[in-house]
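Notes follow once the structure below has been shown.
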There are 2 protein chains.
Amino acid sequence: MTKQMHTIEESTKVFKALADPIRLKIIGYLNQLDHEVSCGEVGQVMGISKTSGSYHFKILQEAGLITAHKIAREKYVALDRSTFDQYLTHFWQNL
Amino acid sequence: MTKQMHTIEESTKVFKALADPIRLKIIGYLNQLDHEVSCGEVGQVMGISKTSGSYHFKILQEAGLITAHKIAREKYVALDRSTFDQYLTHFWQNL
DNA sequence: AAAATAGTTCAAATGTTTTTGAACTATTTA
DNA sequence: TAAATAGTTCAAAAACATTTGAACTATTTT
(Lines give C-alpha, C1' and ligand atoms only; values in the text may rest on other atoms or scores of the structure.)
Protein backbone atom coordinates (compact mmCIF):
# COMPACT_ATOMS: atom_id res chain seq x y z
CA MET A 1 0.00 0.00 0.00
CA THR A 2 2.88 2.37 0.80
CA LYS A 3 4.72 4.11 -2.01
CA GLN A 4 7.65 2.02 -3.27
CA MET A 5 10.88 3.51 -4.63
CA HIS A 6 13.16 1.37 -6.76
CA THR A 7 16.84 1.69 -7.51
CA ILE A 8 18.03 1.73 -11.10
CA GLU A 9 19.70 -1.66 -10.42
CA GLU A 10 16.45 -3.26 -9.28
CA SER A 11 14.54 -1.87 -12.25
CA THR A 12 17.27 -3.01 -14.63
CA LYS A 13 17.06 -6.52 -13.21
CA VAL A 14 13.29 -6.65 -13.74
CA PHE A 15 13.46 -5.32 -17.31
CA LYS A 16 16.33 -7.68 -18.17
CA ALA A 17 14.15 -10.55 -16.95
CA LEU A 18 11.35 -9.37 -19.23
CA ALA A 19 13.69 -8.83 -22.20
CA ASP A 20 13.66 -12.36 -23.55
CA PRO A 21 11.11 -14.08 -25.80
CA ILE A 22 11.11 -17.38 -23.89
CA ARG A 23 10.53 -15.65 -20.58
CA LEU A 24 7.74 -13.52 -22.03
CA LYS A 25 6.07 -16.69 -23.31
CA ILE A 26 6.44 -18.30 -19.87
CA ILE A 27 4.79 -15.24 -18.36
CA GLY A 28 1.97 -15.41 -20.89
CA TYR A 29 1.42 -19.07 -20.09
CA LEU A 30 1.40 -18.54 -16.32
CA ASN A 31 -0.94 -15.60 -16.78
CA GLN A 32 -3.62 -17.53 -18.66
CA LEU A 33 -3.50 -20.39 -16.17
CA ASP A 34 -3.61 -18.38 -12.99
CA HIS A 35 -2.64 -21.26 -10.74
CA GLU A 36 0.63 -22.90 -9.76
CA VAL A 37 2.31 -25.26 -12.24
CA SER A 38 5.50 -27.26 -12.17
CA CYS A 39 8.61 -26.02 -13.99
CA GLY A 40 8.62 -29.28 -15.92
CA GLU A 41 5.15 -28.69 -17.31
CA VAL A 42 5.99 -25.16 -18.38
CA GLY A 43 9.27 -26.26 -19.93
CA GLN A 44 7.50 -28.94 -21.99
CA VAL A 45 4.90 -26.49 -23.25
CA MET A 46 7.66 -24.03 -24.20
CA GLY A 47 9.68 -26.77 -25.89
CA ILE A 48 12.92 -26.05 -24.03
CA SER A 49 15.41 -28.28 -22.25
CA LYS A 50 15.21 -28.65 -18.50
CA THR A 51 18.58 -26.92 -18.11
CA SER A 52 17.38 -23.95 -20.09
CA GLY A 53 14.14 -23.92 -18.12
CA SER A 54 16.02 -23.95 -14.85
CA TYR A 55 18.08 -20.98 -16.01
CA HIS A 56 15.05 -18.92 -17.09
CA PHE A 57 13.05 -19.65 -13.93
CA LYS A 58 16.02 -18.50 -11.86
CA ILE A 59 16.17 -15.20 -13.73
CA LEU A 60 12.42 -14.65 -13.26
CA GLN A 61 12.60 -15.58 -9.60
CA GLU A 62 15.57 -13.32 -8.83
CA ALA A 63 13.72 -10.45 -10.46
CA GLY A 64 10.75 -11.17 -8.19
CA LEU A 65 8.44 -11.82 -11.12
CA ILE A 66 7.52 -15.34 -10.01
CA THR A 67 7.17 -17.09 -6.69
CA ALA A 68 8.24 -20.71 -6.34
CA HIS A 69 8.08 -23.47 -3.81
CA LYS A 70 9.20 -27.04 -3.89
CA ILE A 71 6.89 -29.95 -3.17
CA ALA A 72 8.92 -33.12 -3.04
CA ARG A 73 10.70 -33.48 -6.40
CA GLU A 74 8.80 -30.72 -8.09
CA LYS A 75 9.06 -26.95 -8.12
CA TYR A 76 5.83 -25.04 -8.55
CA VAL A 77 5.80 -21.51 -9.90
CA ALA A 78 3.26 -18.72 -10.26
CA LEU A 79 3.39 -15.07 -11.25
CA ASP A 80 4.00 -12.50 -8.53
CA ARG A 81 1.62 -9.86 -9.82
CA SER A 82 2.66 -7.26 -7.27
CA THR A 83 6.07 -6.99 -8.91
CA PHE A 84 4.52 -6.49 -12.34
CA ASP A 85 2.29 -3.83 -10.87
CA GLN A 86 5.14 -1.98 -9.20
CA TYR A 87 7.48 -1.94 -12.19
CA LEU A 88 5.09 -1.95 -15.14
CA THR A 89 1.61 -0.70 -14.44
CA HIS A 90 2.98 1.95 -12.04
CA PHE A 91 6.09 2.64 -14.08
CA TRP A 92 5.87 6.44 -14.02
CA GLN A 93 5.43 6.57 -10.26
CA ASN A 94 8.79 4.92 -9.74
CA LEU A 95 11.10 6.73 -12.05
CA MET B 1 -8.07 4.13 -28.93
CA THR B 2 -8.39 0.71 -30.63
CA LYS B 3 -7.01 -2.38 -28.90
CA GLN B 4 -3.38 -3.03 -29.84
CA MET B 5 -1.86 -6.52 -30.07
CA HIS B 6 1.91 -6.93 -29.94
CA THR B 7 4.13 -9.71 -31.16
CA ILE B 8 6.62 -11.31 -28.79
CA GLU B 9 9.40 -9.81 -30.94
CA GLU B 10 8.06 -6.26 -30.55
CA SER B 11 7.63 -6.69 -26.80
CA THR B 12 11.12 -8.15 -26.49
CA LYS B 13 12.57 -5.15 -28.32
CA VAL B 14 10.84 -2.73 -25.97
CA PHE B 15 11.92 -4.58 -22.81
CA LYS B 16 15.48 -4.92 -24.09
CA ALA B 17 15.54 -1.17 -24.62
CA LEU B 18 14.42 -0.69 -21.02
CA ALA B 19 16.90 -3.26 -19.67
CA ASP B 20 19.90 -0.94 -19.32
CA PRO B 21 20.77 1.49 -16.52
CA ILE B 22 21.93 4.28 -18.83
CA ARG B 23 18.76 4.13 -20.88
CA LEU B 24 16.59 4.08 -17.75
CA LYS B 25 18.41 7.20 -16.55
CA ILE B 26 17.85 8.86 -19.92
CA ILE B 27 14.15 8.04 -19.65
CA GLY B 28 14.04 9.46 -16.13
CA TYR B 29 15.70 12.65 -17.32
CA LEU B 30 13.37 13.08 -20.30
CA ASN B 31 10.40 12.38 -18.06
CA GLN B 32 11.15 15.13 -15.55
CA LEU B 33 11.77 17.67 -18.30
CA ASP B 34 8.74 16.93 -20.42
CA HIS B 35 9.99 18.90 -23.42
CA GLU B 36 12.35 18.17 -26.27
CA VAL B 37 16.09 18.25 -25.63
CA SER B 38 19.12 17.64 -27.81
CA CYS B 39 20.98 14.34 -27.62
CA GLY B 40 24.12 16.29 -26.79
CA GLU B 41 22.55 17.83 -23.69
CA VAL B 42 21.27 14.47 -22.46
CA GLY B 43 24.61 12.82 -23.13
CA GLN B 44 26.44 15.47 -21.10
CA VAL B 45 24.06 15.11 -18.17
CA MET B 46 24.50 11.32 -18.26
CA GLY B 47 28.27 11.63 -18.53
CA ILE B 48 28.61 9.40 -21.58
CA SER B 49 30.51 9.78 -24.85
CA LYS B 50 28.67 10.99 -27.91
CA THR B 51 29.23 7.63 -29.61
CA SER B 52 27.68 5.80 -26.71
CA GLY B 53 24.83 8.31 -26.63
CA SER B 54 24.18 7.80 -30.32
CA TYR B 55 23.99 4.06 -29.76
CA HIS B 56 21.56 4.31 -26.84
CA PHE B 57 19.27 6.81 -28.57
CA LYS B 58 19.10 4.49 -31.56
CA ILE B 59 17.99 1.58 -29.35
CA LEU B 60 15.33 3.73 -27.67
CA GLN B 61 14.12 5.09 -30.99
CA GLU B 62 13.90 1.67 -32.67
CA ALA B 63 11.85 0.44 -29.73
CA GLY B 64 9.50 3.40 -30.23
CA LEU B 65 10.18 4.75 -26.74
CA ILE B 66 11.38 8.14 -27.98
CA THR B 67 10.58 10.33 -30.93
CA ALA B 68 13.33 12.32 -32.58
CA HIS B 69 13.70 14.99 -35.20
CA LYS B 70 16.68 16.83 -36.52
CA ILE B 71 16.90 20.61 -36.55
CA ALA B 72 20.03 21.62 -38.42
CA ARG B 73 23.00 20.02 -36.63
CA GLU B 74 21.06 18.86 -33.64
CA LYS B 75 18.76 15.94 -32.92
CA TYR B 76 15.97 16.58 -30.46
CA VAL B 77 14.38 13.76 -28.55
CA ALA B 78 11.35 13.31 -26.31
CA LEU B 79 9.56 10.37 -24.75
CA ASP B 80 6.82 8.68 -26.73
CA ARG B 81 4.44 8.06 -23.86
CA SER B 82 2.00 6.05 -25.95
CA THR B 83 4.56 3.27 -26.29
CA PHE B 84 5.17 3.18 -22.54
CA ASP B 85 1.43 3.04 -22.02
CA GLN B 86 0.93 0.18 -24.47
CA TYR B 87 3.75 -2.02 -23.20
CA LEU B 88 3.98 -1.10 -19.52
CA THR B 89 0.86 0.42 -18.04
CA HIS B 90 -1.34 -1.88 -20.15
CA PHE B 91 0.99 -4.86 -19.93
CA TRP B 92 -1.65 -7.45 -19.03
CA GLN B 93 -3.94 -6.44 -21.87
CA ASN B 94 -1.26 -7.32 -24.42
CA LEU B 95 0.02 -10.66 -23.33
C1' DA C 1 37.40 29.48 -46.39
C1' DA C 2 38.81 27.39 -42.07
C1' DA C 3 37.64 25.82 -37.62
C1' DA C 4 34.29 24.26 -34.53
C1' DT C 5 30.16 21.67 -33.30
C1' DA C 6 26.45 17.85 -33.41
C1' DG C 7 25.77 13.63 -34.54
C1' DT C 8 26.54 9.00 -37.23
C1' DT C 9 29.00 4.95 -38.74
C1' DC C 10 32.38 1.40 -38.62
C1' DA C 11 35.24 -2.26 -36.88
C1' DA C 12 37.65 -4.02 -32.99
C1' DA C 13 37.65 -5.04 -28.23
C1' DT C 14 35.29 -6.11 -24.19
C1' DG C 15 31.56 -7.70 -21.47
C1' DT C 16 27.23 -10.15 -20.66
C1' DT C 17 23.63 -13.54 -21.60
C1' DT C 18 22.06 -17.88 -23.26
C1' DT C 19 22.56 -22.71 -24.63
C1' DT C 20 24.48 -27.14 -24.17
C1' DG C 21 25.64 -31.60 -22.14
C1' DA C 22 27.46 -34.09 -18.33
C1' DA C 23 27.41 -34.87 -13.58
C1' DC C 24 24.98 -34.23 -9.54
C1' DT C 25 21.02 -34.35 -5.43
C1' DA C 26 16.72 -35.68 -3.88
C1' DT C 27 12.51 -38.03 -4.36
C1' DT C 28 9.45 -41.53 -6.16
C1' DT C 29 8.20 -45.91 -8.42
C1' DA C 30 8.97 -50.73 -9.67
C1' DT D 1 17.35 -51.92 -3.93
C1' DA D 2 17.43 -50.36 -8.66
C1' DA D 3 15.57 -47.44 -12.04
C1' DA D 4 13.12 -43.45 -13.18
C1' DT D 5 11.85 -38.62 -12.56
C1' DA D 6 12.35 -33.43 -11.33
C1' DG D 7 15.28 -30.19 -10.93
C1' DT D 8 20.14 -27.88 -10.11
C1' DT D 9 24.92 -26.84 -10.98
C1' DC D 10 29.02 -26.37 -13.59
C1' DA D 11 32.09 -25.15 -17.28
C1' DA D 12 32.59 -24.48 -22.15
C1' DA D 13 30.76 -22.69 -26.27
C1' DA D 14 27.99 -19.70 -28.86
C1' DA D 15 25.43 -15.64 -29.39
C1' DC D 16 24.53 -10.95 -28.34
C1' DA D 17 25.17 -6.18 -26.32
C1' DT D 18 28.09 -2.33 -25.21
C1' DT D 19 32.16 0.66 -25.40
C1' DT D 20 35.84 2.77 -27.73
C1' DG D 21 38.33 5.67 -31.01
C1' DA D 22 38.92 7.10 -35.64
C1' DA D 23 36.91 8.68 -39.72
C1' DC D 24 33.02 10.61 -41.64
C1' DT D 25 28.72 14.11 -43.02
C1' DA D 26 26.39 18.20 -42.35
C1' DT D 27 25.86 22.56 -40.27
C1' DT D 28 27.34 26.77 -37.96
C1' DT D 29 30.66 30.19 -36.43
C1' DT D 30 34.85 32.94 -37.00
Side-chain angles (χ1 to χ4, degrees), chain A residues 7-30 33 35-79, chain B residues 7-30 33 35-79:
Chain A
T7 64
I8 289 275
E9 290 72 30
E10 288 168 334
S11 302
T12 302
K13 182 172 257 195
V14 170
F15 289 117
K16 271 182 196 296
L18 293 166
D20 177 273
I22 292 178
R23 292 192 294 268
L24 284 179
K25 281 186 216 111
I26 291 173
I27 289 164
Y29 183 70
L30 295 178
L33 285 186
H35 66 265
E36 290 200 326
V37 260
S38 73
C39 290
E41 177 189 323
V42 182
Q44 268 184 250
V45 175
M46 301 299 132
I48 59 180
S49 70
K50 64 186 179 160
T51 317
S52 170
S54 189
Y55 170 71
H56 288 296
F57 288 117
K58 193 176 88 178
I59 299 284
L60 289 169
Q61 210 176 335
E62 287 176 349
L65 293 170
I66 60 173
T67 58
H69 70 276
K70 238 183 168 176
I71 299 183
R73 276 193 304 203
E74 295 171 287
K75 181 179 179 178
Y76 288 89
V77 293
L79 296 181
Chain B
T7 64
I8 289 274
E9 290 71 30
E10 288 168 333
S11 301
T12 303
K13 182 171 255 194
V14 169
F15 289 118
K16 272 183 195 296
L18 293 166
D20 178 274
I22 293 179
R23 292 193 293 269
L24 284 179
K25 283 187 213 109
I26 291 173
I27 289 163
Y29 183 70
L30 296 178
L33 286 185
H35 66 265
E36 290 201 328
V37 262
S38 72
C39 290
E41 176 188 325
V42 182
Q44 268 185 249
V45 175
M46 302 298 133
I48 59 178
S49 70
K50 63 186 179 160
T51 317
S52 170
S54 190
Y55 170 71
H56 288 296
F57 288 116
K58 195 176 86 178
I59 300 284
L60 289 169
Q61 209 175 336
E62 287 177 349
L65 293 169
I66 60 173
T67 57
H69 69 276
K70 235 181 172 180
I71 299 182
R73 277 194 302 202
E74 294 171 288
K75 182 180 180 177
Y76 288 90
V77 292
L79 295 181

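Each chain gets a letter, A, B and so on, in the order the sequences are listed, and its residues count up from 1.
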Approximate separation, where rounding is to 0.5 Å, of B/Glu36 CD and B/Ile66 CD1:
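Spacing of CD (B/Glu36) from CD1 (B/Ile66) equals 10.5 Å.
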
Can you tell me if the side-chain N/O atoms of [X] get under 4.0 Å from OP1 or OP2 in [N]?
X	N	value
B/Arg73	D/dT29	no
B/Ser54	C/dG7	no
B/His56	D/dA17	no
A/Lys58	D/dT8	no
B/Lys16	D/dA17	yes
A/Thr51	C/dG21	no

Can you name the nearest heavy-atom pair linking A/Val14 to A/Ala63, along with the distance?
CG2-O, 3.6 Å

Round to a whole Å and report the spacing from [atom1] of [X] to [atom2] of [N].
X	N	atom1	atom2	value
A/Glu62	D/dT8	CD	P	12 Å
A/Glu36	D/dA6	CD	C1'	16 Å
B/Leu60	C/dG7	CG	P	15 Å
B/Ile59	C/dT9	CD1	C1'	14 Å
A/Leu18	C/dT18	CG	P	12 Å
A/Phe15	D/dA17	CZ	P	18 Å
B/Lys70	D/dT28	NZ	C1'	13 Å
B/Tyr76	C/dT8	OH	P	13 Å

Sugar-phosphate, base or nothing in reach of [X], heavy atoms under 4.0 Å:
X	result
A/Lys50	base
B/Ile22	sugar-phosphate
A/Ser38	sugar-phosphate

N/O donor-acceptor pair under 3.5 Å between A/Ser54 side chain and A/Lys50 backbone
no

Would a distance-only check, ignoring hydrogens and angles, find a side-chain to backbone donor-acceptor pair under 3.5 Å from B/Glu10 to B/Thr7?
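It does hold such a pair.
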
Step through the shown structure and confirm whether more than 12 heavy atoms of other residues, nucleotides or ligands are within 6.0 Å of CD on A/Glu62.
yes

Identify which nucleotide among D/dG7, D/dA4, C/dT19 has an atom closest to any side-chain atom of A/Glu74, counting heavy atoms from C-beta outward.
D/dG7

Which nucleotide, D/dT18, D/dG7, C/dT27, lies nearest any side-chain atom of A/Cys39?
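Minimum distance to the A/Cys39 side chain belongs to D/dG7.
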
